[in-house]
Amino acid sequence: MAAEQNTAQDAPTELDALVIGAGFAGMYTLHRLRDKLGLSVQVCEAGSDVGGTWYWNRYPGARCDSESAYYMFTDHLSKEILQEWTWSERYAAQPEILSYLRFVADRMDLRRDIRFDTRVTSAWFDEAAARWVVTTDRGERFAARFLITGVGCLSKPFKPKLPGLENFSGECCHTAEWPRGGIDFSGKRVAVIGTGATAVQVVPEIAPDAAHLYVFQRTPSHDLPGRNFPLDEAAAAQIKGRYDEIWSTARNSFGGFPVPNPQTSALEVSDEERRRRYDAAWEKGGLGFGFGTFGDLLLSKEANDTAVAYFAERIHEIVDDPQVADRLTPKYPFFTKRPPLEHGYYEAFNRANVTLVDVRETPIEAITAAGIRTSDDDFPVDVIILATGFDAMTGTLFDIDIRGRQGLPLKDKWADGPRTYLGLTTAGFPNLFMISGPQSPSVLTNMPVSIEQHVEWIADCIAYLNGQGIDSIEPTP
Ligand code: NAP
């Protein structure tokens, strides 16, 4: 049931549940609570459409590192939609994922309970009424028994405090705030700061257009070959016939990916056999190099060293200049930072118009009107792209003034770091549920599968409370 328009002067609109965010998490929550439990639910979404991450991140090259065959709502949402929707590539690009989420929103009739262009500014728990009083930047107020956050783990852009950035006379843009009309790089000198999953996607897209591209690297990442390809009709049909198996494997796996957990140690096989497995995973492309080769890459440093050495060798094969290859080679254990998938990232450094600048060797000292100054040189540029990631996990939650019992702000409660029960709830904040919140496995997993697991836990919990006539729930410290 959609809430009527309500402003600050009126009594707040009563709801069973208020959900923040209309990405995968908020959309599925709306469906479970409204369509399965019959609750009154209002979703508030800051963007103008559904999609969350896939609404905001529209930089060139944005694409998912989970294969499209399993980066979608599972059969728990709808078996029909699995058959109705057809992916066009092994890894879907951002516009296609956004189209998919829009399709689901229409197909499940979700939009009527989502208020777009509406940012939740505060949510205070009224102890006497046992209600969350929620206000928005449009002046609306809601009183909801349950408050559920689906705000994403990586939704508040992180912009480092680079001295002098305000003086830069060119264009500066964070990858998560890409202008709708795009950026024309032709003939321009461009700087990309950061070398995480986003930079690894954006660099090969900008390199062919820019007059010169400077990539400012602090820490190299272990970039696995993605090996994307189009899915023809036969491949798409084959995937559609395997969904029962895909979801049951995914739900029983380590990270929500439909791959069996390997049991073999990297140290118990011969050098030739280890090499054969790494080569096969490398040629196949994707995250299987980490998830599907050996069972002890994250348990034994010695086992992990074999993967690190393999990486060094492959990077040196692709990158022509051995010094550049060395700078691009991580010296820390594989899989201890999220390995991005790359499509032409390493090759980009073989272009005459691409330069790698190692800011550990020569730190950025200032941004000038004309460009970037390191301890060693001046790099005049027309555009600076901040591929510097996000204020992860807590950033977006702290931007909302959330207060629990006795008016305690969540920010103060978590001043020394978040404390939660399974990343879902936190003591002193009754009936507040967080989907893939801090301390949950979150982005270390295939998100749609773990989001569904959280939402189902929350929906089951609410159904239990209602069935038992219990007003509220919260964990003990
Ligand atoms: P990120 O992984 O946090 O990378 C940020 C980069 O900026 C790092 O290389 C970081 O260096 C660098 N950086 C930050 N501050 C800096 C400074 N002051 N000077 C120089 N460098 C600086 O962010 P991201 O690439 O946006 O990716 C975040 C997450 O989003 C990924 O892990 C993934 O979960 C998700 N993602 C997924 C996809 C996909 O599925 N295809 C694509 C993009 C993002 P340090 O490493 O030294 O801190």
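When a ligand or atom number is given, it counts from 1 through the structure's own listing order. The figures that follow rest on heavy atoms only: side chains count, while hydrogens, waters and symmetry mates do not.
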- So which heavy atom in the protein is nearest atom 47 (O) of ligand 1, and how far is it from that ligand atom? Thr219 OG1, 2.5 Å
- At a 4.0 Å threshold, what atoms of ligand 1 neighbour a non-hydrogen atom of Thr198? 24 (P), 25 (O), 26 (O), 27 (O), 43 (C), 44 (C)
- Query: Less than 4.0 Å between a side-chain N and a carboxylate O, is that true for Asp279 and Arg274?
  - Reply: no
- Task: For Ala387, counting its heavy atoms only, list the atoms of ligand 1 lying under 4.0 Å from any of them.
- Result: 5 (C), 6 (C), 7 (O)
- Identify the protein heavy atom lying closest to atom 40 (O) of ligand 1, giving its residue, its atom name and the separation to 0.1 Å. Asp65 N, 3.0 Å
- In this structure, atom 9 (O) of ligand 1 is nearest to the protein heavy atom Thr195 N, 3.0 Å
- Note on the structure: Looking only at protein heavy atoms, what sits closest to atom 18 (N) of ligand 1 is Pro160 CB, 3.4 Å
- Should you measure from each heavy atom of Ile193, which atoms of ligand 1 turn up under 4.0 Å away? 20 (C), 21 (N)
- Presence of salt bridge, Arg32 and Glu452, under 4.0 angstrom: no
- Message: As an exercise, identify every atom of ligand 1 less than 4.0 angstrom from a heavy atom of Leu154.
- Response: 29 (C), 30 (O), 34 (O), 35 (C)
- Query: Should Val308 and His222 count as side-chain neighbours, where that means a heavy-atom distance under 4.5 Å?
  - Reply: yes
- Message: Tyr100 and ring pair (Phe, Tyr, Trp, His ring centres under 6.0 Å): which single residue from Tyr71, Trp85, Trp54 fits?
- Response: Trp85
- Enumerated ligand 1 atoms positioned under 4.0 Å from heavy atoms of Lys337: 46 (O)
- Shortest heavy-atom approach to atom 10 (C) of ligand 1 - which of Met447, Gln217, Arg218: Arg218
- Note on the structure: If you compare Gly196, Ala199, Pro339, Ser442 by their heavy atoms, the one closest to atom 4 (O) of ligand 1 turns out to be Gly196
- Arg115 with Glu45: basic N within carboxylate O range, under 4.0 Å: no
- Among Arg338, Glu342, Arg63, Arg360, whose heavy atom sits nearest atom 32 (O) of ligand 1? Arg338
- Can you tell which of Arg119, Lys411, Lys156 makes a salt bridge (Lys or Arg N to Asp or Glu O under 4.0 Å) with Asp399? Lys156
- Query: Between Asn350 and Ile318, is there a donor-acceptor pair closer than 3.5 Å when you use the side chain of the first and the backbone of the second?
  - Reply: yes
- Check each of Ala392, Ala197, Cys64 against atom 31 (C) of ligand 1 and report the one with the nearest heavy atom. Ala197
- Message: Within ligand 1, which atoms have a heavy atom of Gly194 less than 4.0 Å away?
- Response: 6 (C), 7 (O), 9 (O), 12 (C)
- Item | Test item, Phe158 contacting ligand 1 (heavy atom, 4.0 angstrom) | yes
- Item | Close N or O approach (Ser66, ligand 1; < 3.5 Å) | no
- Query: Under 4.5 Å between any side-chain heavy atoms of Asn228 and Arg63, yes or no?
  - Reply: yes
- Query: What atoms of ligand 1 come closer than 4.0 angstrom to any heavy atom of Gln201?
  - Reply: 41 (N), 42 (C)
- Item | Under-4.0 Å salt bridge between Glu313 and Arg275 | yes
- Hey, does Tyr59 sit under 4.0 Å from ligand 1 if you only count heavy atoms? yes
- Ionic contact status for Arg338 with Asp65, cut-off 4.0 Å: yes
- Query: Between Phe216 and ligand 1, which residue portion shows a heavy-atom distance shorter than 4.0 Å: side chain, backbone, both, or neither?
  - Reply: neither
- Message: Any heavy-atom pair between the side chains of Ile239 and Tyr70 that's under 4.5 Å?
- Response: no
- Item | Of the listed options Pro220, Gly389, Pro363, closest to atom 23 (O) of ligand 1 (non-hydrogen atoms) | Gly389
- Task: Would you confirm whether His174, through its side chain, and Gly389, through its main-chain N or O, come within 3.5 Å as a donor-acceptor pair?
- Result: yes
